[in-house]
Amino acid sequence: MSDIATDPLWADFRDLALAHSLRACWSTPIFSSEGKVIGTFAMYYREPRSPSPREQDTIKHITHLAGVAIQRKLAETARRESEAYLAEAQRLSHTGSWAWAPATGEIRYWSEETYRVLGFDPDAGPPRFETFFRAPLSGGPGQSQRTVRKTRFAEKADFETDYRIVHPSGDVKDIHAVGHPVCDEAGHLVEFVGTVIDITESKRAEEALRASEQVARGQVEALAQSLDVLATAPDPEKFIGQMLSTIGRLLNAQSVTLWLFDESTDSLVLRLMADGGKLAAPDPEHPFMKDPLFWKQNPVIQELLFTAGPVVCEDM
């Protein structure tokens with residue numbers, strides 16, 4: 001606008017500009033490399049005037065340079081935001097990323113979560129690949145390296161491996177590592193990129209699930225066997241003996257004994273005993289057999305009777 005006072009484009013804002021003695025405005029859009037407007041240059045003058053061809057050429061070059069600078073700044077901001085989102089996602093999922101150059105053994109990149117998962121010091125920088133596999137417990141470092149080097153490195157193929165490490169915190173952690181080869185146009189291996197995932201919690205959940213399923217199967221089996229015994233051996237003595245044998249087998253116990261507490265006499269009475277899966281005669285030398293009140297001298301039995309809770313004696 002060579003003259004704001006008369007240009008119709010400034011009709012709604014003319015008074016505001018004239019109050020500040022602004023009479024001319026040259027406005028030029030700033031484009032990105034994709035042709036998108038990402039800004040504008042607006043130059044104001046205190047007298048009516050139009051740009052000369054030289055001034056127009058200067059403005060053209062300035063807006064181009066400004067577009068390059070602004071686009072680079074926007075790209076850098078977007079990259080930092082993307083990295084921040086990625087770092088947060090890795091932290092939440094306990095997944096670290098890495099890049100390794102097989103030719104030199106150099107680890108080119110480790111994300112922050114990789115340091116946390118594997119327990120290395122970020123200030124010291126990423127270790128060499130040999131150190132990366134030095135700490136495993138399950139399978140050993142040699143096996144882990146052979147898995148990568150022999151079966152995958154020569155084949156330039158993807159690899160996956162699980163191993164355990166002792167974290168600096170003292171915790172034993174389960175790690176799942178995944179690698180993918182990156183080759184150049186000639187097919188030469190340039191690097192491996194991949195992830196390390198802390199799967200400790202999922203491993204524990206799987207183990208707990210397997211243990212729960214094993215207990216459930218044992219309960220079903222014991223129930224089925226007890227029903228079979230009830231159908232074929234209605235004698236209570238035989239039924240109880242069979243159930244003691246079943247308990248011993250399911251718990252891998254050497255022997256199982258059933259004691260009854262007689263409140264009227266404060267005595268413990270041996271009801272039945274199963275040894276090696278078969279009913280066994282009681283040991284006459286057992287302290288409770290020789291003296292039914294002997295339990296009063298045994299703090300473990302007292303704790304069991306008075307607290308009505310289970311007691312484990314790890315060392316008799």
Side-chain angles (χ1 to χ4, degrees), residues 75-184 188-215 312 314:
E76 178 68 15
T77 302
R79 183 185 66 82
R80 290 181 179 178
E81 289 181 352
S82 178
E83 289 180 348
Y85 290 141
L86 176 60
E88 183 65 11
Q90 289 193 356
R91 186 186 68 82
L92 293 174
S93 62
H94 305 294
T95 301
S97 54
W98 52 268
W100 167 58
T104 62
E106 175 190 7
I107 294 181
R108 293 179 173 177
Y109 169 75
W110 264 24
S111 67
E112 293 183 7
E113 190 62 20
T114 302
Y115 286 101
R116 280 193 289 266
V117 167
L118 298 181
F120 285 91
D121 183 7
D123 294 334
R128 292 184 61 83
F129 194 71
E130 290 75 10
T131 308
F132 173 47
F133 277 108
R134 183 176 295 168
L137 293 177
S138 178
Q143 179 178 349
S144 297
Q145 288 186 346
R146 284 195 298 272
T147 300
V148 176
R149 291 178 180 273
K150 289 187 176 180
T151 65
R152 295 306 181 204
F153 172 62
E155 301 173 4
K156 304 174 186 177
D158 296 341
F159 72 83
E160 289 190 48
T161 181
D162 290 342
Y163 59 94
R164 283 186 170 182
I165 63 171
V166 178
H167 198 267
S169 64
D171 297 333
V172 176
K173 291 186 174 292
D174 290 282
I175 306 298
H176 180 71
V178 178
H180 174 73
V182 178
C183 300
D184 58 19
H188 299 130
L189 182 63
V190 177
E191 64 180 2
F192 269 92
V193 296
T195 60
V196 287
I197 308 173
D198 184 350
I199 58 173
T200 306
E201 293 301 325
S202 60
K203 279 279 189 180
R204 290 175 180 172
E206 290 176 4
E207 292 172 358
L209 179 60
R210 284 196 295 268
S212 176
E213 291 175 346
Q214 184 177 0
V215 170
V312 177
E314 295 185 359

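The figures here come from the full heavy-atom set of this structure, side chains too, leaving out hydrogens, waters and symmetry mates.
- The number of heavy-atom neighbours closer than 6.0 Å to CD of Q214, taken from other residues, nucleotides and ligands shown, is 12 or below.
- Heavy-atom minimum distance, W98 versus V178: CZ2-O, 3.3 Å.
- Nearest approach of A101 to R108, heavy atoms of both residues: CB-NE, 3.4 Å.
- Using a cutoff of 4.0 Å between basic side-chain nitrogens and carboxylate oxygens, E201 and R204 are scored as salt-bridged.
- Note that the CD1 atom of I197 and the CD1 atom of I175 stand 9.5 Å from one another [nearest 0.5 Å].
- Salt bridge E76/R80: present, at least one basic N to carboxylate O contact under 4.0 Å.
- For residues 115-125, every residue pair satisfying the side-chain hydrogen bond (donor to acceptor under 3.5 Å, both in side chains) rule, not counting sequence neighbours, is listed here: E113-R116.
- In this structure, the separation between CG on D174 and CD on E206 is 9.0 Å, given to the nearest 0.5 Å.
- The two residues G96 and S111 come nearest to each other via the heavy atoms CA-OG, 3.5 Å.
- Rounding to the nearest 0.5 Å gives a distance of 13.5 Å between CZ of F192 and CD1 of I107.
- Residues forming a side chain to side chain donor-acceptor pair (under 3.5 Å) with D198 (at least two apart in sequence, or on another chain): K173, T200.
- One distance of note links OG1 of T195 with NE2 of H94; it measures 14.0 Å at 0.5 Å rounding.
- The CH2 atom of W110 sits 4.5 Å away from the CZ atom of F120 when rounded to the nearest 0.5 Å.
- For the pair C183/V190, no side-chain contact is recorded, criterion being any heavy-atom separation below 4.5 Å from C-beta on.
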